[in-house]
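Below, each value reflects all heavy atoms present in this structure, side chains not excepted, and no hydrogens, waters or symmetry copies. Both ligands and their constituent atoms are indexed starting at 1 by order of listing.
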Amino acid sequence: MLDLAIIGGGAAGFFAAINAKRKHPNLKVEIFEKSKTVLGKVRISGGGRCNVTHACFDNRLLVSYYPRGNKELLSVFERFNTKDTVKWFESRGIVLKSEADGRIFPITDNSETIVNCFLDECDELKIPIKTLRSVKSIEKNGVFQLNINDEIVEARQVLVATGSSDAFWQILKGLGHKIIEPVPSLFTFNIENDFIAELMGLSVPKASVKLLLDKSQLKESRLSQSDLTQSGPLLITHWGLSGPAILKLSSIAARMLNQLQYRFEISVSLSNLKVEDTLDFLLKIKAEHPKKQVVNTPLFNIPQRWWQRIHSLTFVNTFNTWSDASKKDLLKFAENLSGFQLEVDGKSTFKDEFVTAGGVDLKEVDFKTMQSKIIPGLYFAGEVLNIDALTGGFNFQAAWSEAWVISDNL
Ligand SMILES: Cc1cc2nc3c(=O)[nH]c(=O)nc-3n(C[C@H](O)[C@H](O)[C@H](O)COP(=O)(O)OP(=O)(O)OC[C@H]3O[C@@H](n4cnc5c(N)ncnc54)[C@H](O)[C@@H]3O)c2cc1C
């Protein structure tokens with residue numbers, strides 16, 4: 001009989017197996033993976049470079065990157081956080097580097113470095129990795145009985161690290177767990193109109209994007225006013241809007257956007273100011289530079305192309321000087337600069353990177369051990385849980401930390 005059967009040979013499953021065996025060498029641990037190969041997502045992660053974690057070393061700040069799971073993860077990060085991840089890999093001879101935006105990668109820029117590290121560790125610790133083994137069901141009659149390729153494997157404890165497998169969520173439902181309906185997170189917004197088409201390729205270092213919801217939608221979404229507006233770099237692509245500001249909004253509002261079937265309105269601000277403040281500034285410029293042409297005086301670090309498009313949509317005559325512009329014109333201009341409204345119709349995947357929001361209801365998990373509150377001895381780690389984060393290495397960090405906590409408590 002196994003002491004720990006790990007279902008899923010992905011990030012969470014491997015990290016749990018290795019640390020469990022290091023801490024408790026006498027435990028009989030095995031990994032069961034349904035595919036031919038293991039660590040598939042680790043291989044393709046971070047564009048093939050594997051963004052293992054993020055250079056955010058303050059746990060309270062770290063949890064703010066998790067739209068779902070932030071409360072629960074705090075105690076988990078207190079036991080194993082981003083600093084520990086860096087130490088863990090470095091103690092195995094992997095040199096990591098941190099990029100300007102905080103993402104941490106192996107210095108080789110190659111995810112195989114991480115995959116090989118895990119495979120070497122399993123080899124050294126003699127952890128059997130059983131591929132082409134799909135777990136079809138779990139029963140508990142004193143011990144766990146797993147139906148794997150129609151054979152029964154017995155285990156004292158089981159870790160479910162099956163990622164976003166719908167089939168496995170159904171199995172967990174059958175065991176009495178509540179599964180929060182999975183919806184996609186981390187996607188870009190499709191917008192089909194001339195404004196976007198003409199600005200294709202434009203990239204802005206700081207913009208704010210606001211999701212426009214009516215009162216009843218806002219109530220239903222359970223989002224706060226501050227959730228609705230996200231800021232950061234923005235990119236105009238040939239299909240719509242992308243960049244960190246958009247990805248953040250897609251993640252935070254993942255569930256609501258799914259309900260809206262990805263048809264909704266946003267307003268984009270490149271002035272990053274309220275309408276009143278933008279207007280005050282425009283009036284000041286009008287007083288100081290009355291003879292200059294508005295179209296040639298981009299302000300607030302707004303790129304010339306965006307400024308010109310907003311200008312031509314606001315003013316009939318594109319050659320107005322500041323003195324020609326009435327206060328009413330400037331108010332309309334300020335409104336468009338502080339919040340240009342666009343209709344989103346659909347979503348696209350961001351660089352093939354996506355995560356699923358949804359999974360095992362966190363209320364049913366004891367985060368001191370990562371154990372099911374319904375079935376003792378059953379553990380969860382990784383994307384199977386209703387936890388997900390923004391891009392930047394946070395999703396792997398959650399998987400590493402949860403797996404570490406499990407390995408502590410066996
Ligand atoms: C393209 C892409 C790039 C990404 N890049 C990054 C990144 O750079 N940094 C980051 O932090 N996050 C990244 N992510 C997210 C990250 O990959 C996931 O959060 C992470 O892999 C989750 O780990 P996991 O172990 O829970 O699931 P997975 O890695 O998906 O592993 C689950 C495993 O379980 C197996 N399995 C499922 N059902 C069964 C069954 N019944 N029996 C046996 N085995 C089963 C699956 O085949 C799979 O191998 C990326 C995601 C994608 C799609």
Exercise for the section: Could you give me the CA-CA distance, side-chain angles and deciding distance for Leu337 and Thr314, then say whether side-chain contact (heavy atoms from CB on, under 4.5 Å) is met? Expected result: CA-CA 10 Å; Leu337 290 170; Thr314 311; over 6 Å; no

Q: Begin with the C-alpha distance, continue with both residues' side-chain angles, and end with the deciding distance and a verdict on side-chain contact (heavy atoms from CB on, under 4.5 Å) for Cys56 and Gln397.
A: CA-CA 11 Å; Cys56 170; Gln397 183 57 53; over 6 Å; no

Practice problem: Could you give me the CA-CA distance, side-chain angles and deciding distance for Asp84 and Arg79, then say whether salt bridge (charged side-chain N to carboxylate O under 4.0 Å, His left out) is met? | Solution: CA-CA 9 Å; Asp84 301 306; Arg79 294 169 60 189; over 6 Å; no

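Residue-ligand proximity, Ala161 to ligand 1, at heavy-atom distances under 4.0 Å covers atoms 32 (C), 33 (C), 34 (O). Those atoms of ligand 1 that come under 4.0 Å of a heavy atom in Val355, given as number and element, are 15 (C). Within ligand 1, counting atoms from 1 as listed, the ones closer than 4.0 Å to a heavy atom of Ser35 are 47 (O). Here is the list of ligand 1 atoms found below 4.0 Å of a heavy atom in Phe168: 41 (N). Per-residue contacts place Gly382 under 4.0 angstrom from the following atoms of ligand 1 (heavy atoms of the residue considered): 26 (O). The distance from ligand 1 to the heavy atoms of Ser134 drops below 4.0 Å at these ligand atoms: 41 (N), 42 (N). For ligand 1 and Phe394, the ligand atoms under 4.0 Å from any heavy atom of the residue are 11 (O). Within ligand 1, the atoms closer than 4.0 Å to a non-hydrogen atom of Ser165 are 37 (C), 38 (N), numbered from 1 in the order shown.
Ranked by closest heavy atom to atom 39 (C) of ligand 1, the top entry among Asn395, Thr37, Thr162, Ile31 is Thr162.
Nearest heavy-atom pair across Leu378 and Phe144 is N-CZ, 3.8 Å.
At least one heavy atom of Gly393 sits under 4.0 Å from some atom of ligand 1. Taking a 4.0 Å cut-off on heavy atoms, Arg103 fails to register as neighbouring ligand 1.
Under the side chain to side chain contact (heavy atoms under 4.5 Å, CB included) rule, Val76 has a single partner from Phe367, Trp400, Trp404, which is Phe367.
Counting heavy atoms under 4.0 Å from ligand 1, residue Arg133 touches it through the backbone alone. Contacts with ligand 1 closer than 4.0 Å are made by heavy atoms of both the backbone and the side chain of Phe396.
Polar contact check, Gln397 against ligand 1: no nitrogen or oxygen pair lies under 3.5 Å apart. Not a single N or O atom of Ile44, backbone or side chain, sits closer than 3.5 Å to an N or O atom of ligand 1. The shortest N or O to N or O distance between Gly46 and ligand 1 is under 3.5 Å. Any N or O atom pair closer than 3.5 Å counts here, and Val135 shares at least one such pair with ligand 1. Considering backbone and side-chain atoms together, Asn51 places an N or O closer than 3.5 Å to an N or O of ligand 1.
Using a 4.5 Å heavy-atom cutoff, the side chains of Thr113 and Cys50 are not in contact.
Phe189 has its ring centre less than 6.0 Å from the ring centre of Phe264.
Salt bridge Glu30/Lys28: absent, no basic N to carboxylate O contact under 4.0 Å. Taking a cutoff of 4.0 Å between a charged side-chain nitrogen and a carboxylate oxygen, Asp366 and Lys373 do not qualify as a salt bridge.
Phe89 and Phe118 have tilted rings, their planes meeting at an angle from 30° to 60° on a 0 to 90° scale. Trp306 and Phe195 have perpendicular rings, their planes meeting at more than 60° on a 0 to 90° scale where under 30° would count as parallel.
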